[in-house]
Protein chains: 2
Amino acid sequence: MASVSRALNGGRGVTAETSERIREAAARLRYMPHAAARMLITRRTNTVGALLPDLYGEFFSELIRGIDLAARARGLHLLVSSSHDGAEDAAAALRSMQGRVDGLLIMSAHLDTAFLHANLPASVPAVLLNSGVKSASYAVLNIDNYGGAYAMVRHLLEAGRADVTFIAGPAGNFDAQQRELGYRAAMAKYAPHAPLDVVAGDFNEESGYLAGQQLVARKQRPSAVFAANDMMAVGCLYAFKDAGVDVPREIALAGFDDIPIARYVTPPLSTVRVRIVDLGRSALEQLAAMLEEPRQDAASIHTLDCEIVTRETCGAARQPTTTTGKVFDSGRRPSDTGGKS
Amino acid sequence: MASVSRALNGGRGVTAETSERIREAAARLRYMPHAAARMLITRRTNTVGALLPDLYGEFFSELIRGIDLAARARGLHLLVSSSHDGAEDAAAALRSMQGRVDGLLIMSAHLDTAFLHANLPASVPAVLLNSGVKSASYAVLNIDNYGGAYAMVRHLLEAGRADVTFIAGPAGNFDAQQRELGYRAAMAKYAPHAPLDVVAGDFNEESGYLAGQQLVARKQRPSAVFAANDMMAVGCLYAFKDAGVDVPREIALAGFDDIPIARYVTPPLSTVRVRIVDLGRSALEQLAAMLEEPRQDAASIHTLDCEIVTRETCGAARQPTTTTGKVFDSGRRPSDTGGKS
DNA sequence: GGCGGCAACGTAAACGTTTTCATGGCGACA
DNA sequence: TGTCGCCATGAAAACGTTTACGTTGCCGCC
């Protein structure tokens with residue numbers, strides 16, 4: 001019946017008394033509108049899809065948390081599909097979400113314009129996360145990898161280190177590339193005469209450990225090392241410990257991401273913090289805006305700030321003792337504060 | 001047209017040649033069947049819902065990973081809704097998933113039979129995770145908290161510790177209760193004359209730190225401490241370090257969960273490992289089985305084994321040196337192995 | 001050669017909403 | 001008091017698929 005629909009949804013064009021009667025009856029009969037029928041006629045699913053890479057650990061959970069929080073606040077459902085290793089895998093997932101979602105949040109290593117054009121109908125709005133594609137059709141939301149790396153390298157140099165070695169990430173990775181660019185720019189600006197020194201890595205702990213071993217074996221050791229992510233920094237830290245290198249006195253060390261582990265290694269790791277919850281939340285809110293205002297062509301690139309977190313491995317901590325004094329006020333997880341901002 | 005449907009789905013009652021022609025045309029026109037229309041008539045969504053508490057960290061991501069992996073293998077979509085603090089919140093989420101999913105995976109602190117009966121129509125199959133409810137209507141999948149705690153306490157006692165103090169979890173938490181029961185049972189069995197000693201905690205790092213402070217302040221310190229989860233064990237470890245207590249020589253320490261941080265604190269934390277990916281995968285597969293065979297009344301309770309991981313804080317590590325030698329072969333993340341079993 | 005049966009294919013109904021449109025009643029204004 | 005118009009309400013169409021059912025044509029057997 002038409003009035004039922006009006007009463008339960010808009011309420012326009014229906015008497016308050018009738019509306020009340022209908023609501024009462026609906027509650028009594030435990031009536032629930034059939035979602036599929038509504039989708040069919042409305043052509044809206046009230047659902048957004050999140051297409052994520054095969055992502056381990058804290059980053060993943062924080063991202064979903066941010067997305068979910070914002071989605072619930074807007075009454076949107078969240079359809080997730082993670083763990084795609086190959087591009088073919090991701091394409092299949094993309095296609096299978098067709099028609100089940102109003103919009104998409106996409107974070108994938110296999111992204112490029114060709115891939116998107118082949119698998120994503122132009123009609124479905126999408127926000128790309130941490131992606132290098134500069135298409136006119138999609139909104140892009142990135143972490144300020146460049147700025148964060150730049151700030152950290154600058155910080156190391158200003159703390160008195162003469163040179164900084166960079167442990168790079170996987171070659172094709174967009175984040176890794178941006179961080180390396182930030183490193184190079186800061187070196188050019190603040191230590192123009194120091195040599196650029198980039199050693200290979202792949203974001204895994206082991207590659208950091210190997211890089212660290214390689215560095216301590218040199219005749220001329222660097223005075224500071226900046227790893228493209230925390231896991232490699234941790235691996236490097238263990239290599240230094242195993243070689244008897246005093247961190248930070250002999251070599252300063254810093255990472256990127258501020259994963260929880262960073263606070264628990266000894267000494268605690270200086271790093272660049274990324275507010276992942278905010279990344280997820282912002283992405284969803286931008287997508288929601290695109291759903292509400294489909295007219296404006298959504299092409300835009302936004303960037304989310306990072307902040308540098310100085311603990312002990314960079315030698316500039318406020319408490320330069322070698323003991324690990326725990327202070328719980330400063331020890332809260334980033335997501336806790338991020339969740340309230 | 002009917003033949004189109006037959007060609008694209010079953011293929012029964014349609015010529016191979018016709019079927020091929022239809023498929024070709026569908027591919028050429030980039031035809032995608034409308035999901036909502038199909039749901040409407042089929043009364044199947046091919047989607048399962050995951051209702052999760054407001055869960056931080058590694059546990060969450062591993063769980064979703066396991067669920068997602070199994071769901072994709074079965075061609076099911078995954079609708080998630082996490083971050084519910086209150087029961088009312090969870091109830092709203094439960095209701096809003098009505099009709100959008102064929103079945104539910106539910107993990108919530110607010111679970112009890114009354115809650116479920118009020119918010120979950122009996123028609124939708126559900127698997128409850130880590131729940132104490134013993135209803136005849138739902139399938140339940142639990143971690144073997146009891147057995148894991150029992151084994152760890154036994155291990156500590158057999159390693160020569162005369163007594164074990166337990167740092168409890170939040171009062172209402174099902175996992176915490178089971179772990180405490182396991183502690184009590186193992187103490188009764190293997191150290192019947194030692195006093196039971198339970199101090200309060202709430203699963204957070206700070207409560208572990210406070211418990212640790214309280215323990216070192218005693219005239220008679222315990223010889224071993226077993227925390228109901230890893231975060232409290234880590235907090236306790238820092239309290240011991242700050243007090244100059246030698247772990248494990250003076251006091252042995254163990255946790256529960258095997259969160260990644262456990263391997264990175266100094267000394268590395270002994271703990272009980274939970275294969276979270278397997279928990280998610282098993283839960284989904286049980287749900288999928290219920291979807292395929294709705295006849296069998298699904299009431300069942302399954303339990304997933306844990307294993308104890310002896311690192312250095314329990315004093316029984318195979319390499320009793322005080323240095324933190326990193327060995328990458330043994331240092332893989334639990335999910336890596338879990339993902340392949 | 002005719003008839004019966006079977007397989008392929010098309011027609012139409014059904015799923016449960018939203019939305020448009022028509023109808024009727026009531027109030028206001030002339 | 002009559003007419004006009006608006007508002008509440010109900011009837012019906014539409015969304016795009018699946019499926020039950022009917023129709024057609026072909027093949028085989030009598």
Side-chain angles (χ1 to χ4, degrees), chain A residues 1-47 49 74-77 79 95-103 121-125 291-292 294, chain B residues 1-47 49 75-77 79 94-103 121-125 291-292 294:
Chain A
M1 190 174 327
S3 296
V4 174
S5 174
R6 281 187 283 258
L8 263 34
N9 299 337
R12 268 269 299 275
V14 65
T15 309
E17 185 246 1
T18 317
S19 174
E20 186 47 46
R21 242 177 44 230
I22 290 175
R23 286 167 189 280
E24 187 276 335
R28 185 162 39 79
L29 302 178
R30 290 173 168 272
Y31 166 78
M32 289 288 306
H34 195 290
R38 184 183 296 202
M39 289 181 205
L40 180 59
I41 190 73
T42 308
R43 300 183 123 356
R44 272 208 120 215
T45 62
N46 284 315
T47 303
R74 290 193 126 77
L76 292 171
H77 290 259
L79 197 63
R95 282 193 300 265
S96 86
M97 280 199 178
Q98 215 68 263
R100 311 180 83 97
V101 298
D102 296 332
S123 57
V124 24
L291 294 181
E292 286 171 7
Chain B
M1 187 174 332
S3 296
V4 175
S5 174
R6 281 187 282 256
L8 263 33
N9 299 338
R12 269 270 299 276
V14 66
T15 309
E17 185 247 0
T18 319
S19 172
E20 185 47 47
R21 243 177 42 230
I22 290 175
R23 287 167 188 280
E24 187 276 335
R28 185 162 40 78
L29 303 178
R30 290 173 169 272
Y31 166 78
M32 290 288 306
H34 196 290
R38 184 182 296 199
M39 289 181 205
L40 180 59
I41 191 74
T42 308
R43 300 179 115 13
R44 274 210 115 212
T45 62
N46 285 315
T47 303
L76 292 171
H77 291 259
L79 198 62
L94 206 50
R95 282 194 299 266
S96 86
M97 279 198 178
Q98 215 68 262
R100 310 181 83 97
V101 298
D102 296 332
S123 58
V124 22
L291 294 180
E292 286 171 8

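Below, chains carry the letters A, B, ... as their sequence lines are ordered, and counting in each starts from 1.
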Out of D:dT17, D:dA8, D:dA14, whichever nucleotide has its closest atom nearest the side chain of B:P33 | D:dT17
Got a second to check how far B:E24's CD is from B:I22's CD1, nearest 0.5 Å?
-> 11.0 Å
To the nearest angstrom, the CZ-P distance between A:R100 and D:dT17 comes to 13 Å
Under 3.5 Å between N/O atoms: give me all the protein pairs with nucleotides 21-24 of chain D, atom names plus distance.
none

Kindly compute the distance separating CE (A:M32) from CE (B:M97), expressed to the nearest 0.5 Å.
-> 12.0 Å
Please name the pair of heavy atoms, one in A:V124 and one in A:G103, separated by the smallest distance, quoted to 0.1 Å.
-> CG2-CA, 4.1 Å
Please give, in whole Å, the distance from D:dA12 C1' to A:I41 CD1?
-> 12 Å
Taking for A:A36 and for B:S3 the nucleotide of DNA chain C with the nearest heavy atom, the one nearer the 5' end belongs to B:S3
Range on DNA chain C touched by chain A, heavy atoms, distance below 4.0 Å = C:dG16 to C:dT20
Got a donor-acceptor contact below 3.5 angstrom from the A:R100 side chain to the A:T45 backbone?
-> no
Keeping the roles fixed (side chain from B:R44, backbone from B:D102), state whether a donor-acceptor pair exists under 3.5 Å.
-> no
Degree of bending, the helix from C:dG1-D:dC30 to C:dA30-D:dT1 (end axes from five pairs; round to 10°) = 50°
Shortest non-hydrogen contact between B:A7 and B:R23, atoms and distance = O-NH2, 2.8 Å
Spacing of A:R38 atom CZ and A:L40 atom CG [to the nearest 0.5 Å] = 12.5 Å
Hey, does the side chain of A:T15 come within less than 4.0 Å of D:dT9's phosphate (OP1/OP2), counting only N and O?
-> yes
Rounded to the nearest 0.5 Å, how far does OG of B:S3 lie from CZ of B:R21?
-> 9.5 Å
Rounded to the nearest 0.5 Å, the CD atom of A:E292 sits from the CZ atom of A:R74 at a distance of 5.5 Å
To the nearest angstrom, the CD-C1' distance between A:Q98 and D:dT17 comes to 17 Å
Can you see which heavy atom on A:G99 is nearest to which on B:A35, and at what distance?
-> O-CB, 4.2 Å
Which residue, B:A37 or B:E17, contacts DNA chain C at a nucleotide closer to its 5' end, judged by nearest heavy atom?
-> B:E17
Candidate pair A:R30 and B:R95, rule side chain to side chain contact (heavy atoms under 4.5 Å, CB included), full reasoning | CA-CA 11 Å; A:R30 290 173 168 272; B:R95 282 194 299 266; over 6 Å; no
